[in-house]
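First comes the structure, then the notes that go with it.
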Amino acid sequence: LSSPEEIRNYLSLINVHTELLNERGQFSDTIQLVLLAASHLRINVLEMNADILLKLAIAHAYKSNLGEAEGIVKKLMETCSPAQFGDVLFDAAETLAKIG
């Protein structure tokens, strides 16, 4: 990936793929995909965009990796814009309600 546009397109594909994996209950695959994508981009996983990180947090929550999920949500709450912040809180609360 040599240009900002290629990176944006790659991240868009990863975002859609993680959404589909989570909808199918393939949470381990979501986690693996995000880790692989971060490695491929040579960045720390917490440097991924907010949409992907939120899907990663949801996958961790469903896999009972609550410490991982909480750390990601805290990172999102610290770095998201006010508009994104509401989405993060809503999705996190929705997930917690589903898993109990």
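For this chain, numbers begin at 1 and follow the sequence in order. Just so it is clear, the model here is predicted, and its values are computed rather than measured.
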Query raised in the report: To the nearest 0.5 Å, what is the distance between NE2 (H17) and OG (S12)?
Result: 14.5 Å

Query raised in the report: Should the pair K74-E70 be classified as a salt bridge under the 4.0 Å nitrogen-to-oxygen rule?
Result: yes

Requested in this report: Write out all pairs satisfying salt bridge (charged side-chain N to carboxylate O under 4.0 Å, His left out) with one or both partners inside residues 8-20, taking only residues at least two apart or from two chains.
Outcome: E19-K55

Query - Linked, directly or transitively: F27 and L66 (ILVMFWY side chains, under 4.5 Å) - result: yes

Query raised in the report: Are more than 12 heavy atoms from other residues, nucleotides or ligands located less than 6.0 Å from atom CD of E5?
Result: no

Report summary line: Hits for side chain to side chain donor-acceptor pair (under 3.5 Å) against E47, two or more places apart or cross-chain, chain-then-number order -> none

Requested in this report: Consider only side-chain heavy atoms of I, L, V, M, F, W and Y, link residues closer than 4.5 Å, and tell whether M48 and L1 are in one cluster.
Outcome: yes

**Report entry** Side-chain donor/acceptor of N49 to backbone N/O of I52, under 3.5 Å
**Finding:** yes

Requested in this report: Please name the pair of heavy atoms, one in A50 and one in C80, separated by the smallest distance, quoted to 0.1 Å.
Outcome: CB-SG, 4.0 Å

Query raised in the report: When clusters are formed by joining ILVMFWY residues with side-chain heavy atoms under 4.5 Å apart, either directly or through shared neighbours, do L13 and I7 land in the same one?
Result: no

Query raised in the report: Is the closest side-chain heavy-atom distance between N15 and L11 below 4.5 Å?
Result: no

Query raised in the report: Just one of I72, L76, T18 clears the side-chain contact (heavy atoms from CB on, under 4.5 Å) bar with L56, so which one?
Result: I72

Without placing hydrogens or testing angles, list every side-chain donor-acceptor pair under 3.5 Å for residues 29-45, not counting sequence neighbours.
from	atom 1	to	atom 2	distance (Å)
T30	OG1	N22	OD1	2.8
T30	OG1	Q26	O	3.4
H40	ND1	Y10	OH	3.4
N44	OD1	L46	N	2.7

